[in-house]
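Comments concern the structure below.
Sequential numbering from 1 along the given sequence is applied to the chain's residues.
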Amino acid sequence: MSHEQEHVANAIAEGNKDNKELVSATVSLQTSVCPECGRVYVSGGTTHTTIRTKKDSSNPYDNLQQRMNRNLCAGLNFDKSA
């Protein structure tokens, strides 16, 4: 379990960077039963993280490109049968 917590801590550190955001972090633990004594123990785990990278909107060229793409795509999809 502590090993999986290290992955979560690393994801939190990555999500705290300026252009990134930690969306979710989930941990799943697998358990097993000792065949000799019957005790249940944690035998493994997986960590799933989702980190979103934020776009820098201060770049005027990116803003211009987005506006051009929006204007180019406007009206391309229409329902002719209506």
Check the side chains of N10 and E14 for a donor-acceptor pair under 3.5 angstrom, ignoring hydrogens and angles.
no
Backbone of T46 reached by a side-chain donor or acceptor of S28 within 3.5 Å:
no
For the hydrophobic clusters of this structure (ILVMFWY residues joined by side-chain heavy atoms under 4.5 Å, transitively), does one cluster hold both I12 and V23?
no
Can you tell me if OH on Y61 sees more than 12 non-hydrogen neighbours from other groups inside 6.0 Å?
no
Spacing of N19 atom CG and R52 atom CZ [to the nearest 0.5 Å]:
13.0 Å
Got a second to check how far E4's CD is from H48's NE2, nearest 0.5 Å?
9.0 Å
Please answer: with hydrophobic residues joined when any side-chain heavy atoms are less than 4.5 Å apart, are M1 and V8 in the same cluster?
yes
Just by distance, with hydrogens left out, do Q30 and S43 show a side-chain donor and acceptor under 3.5 Å apart?
no
First locate atom CZ of R39, then atom OG of S32, and finally report the distance between them rounded to the nearest 0.5 Å.
14.0 Å
For A11 and T49, work out which heavy atoms get closest and say how close.
CB-CG2, 3.5 Å
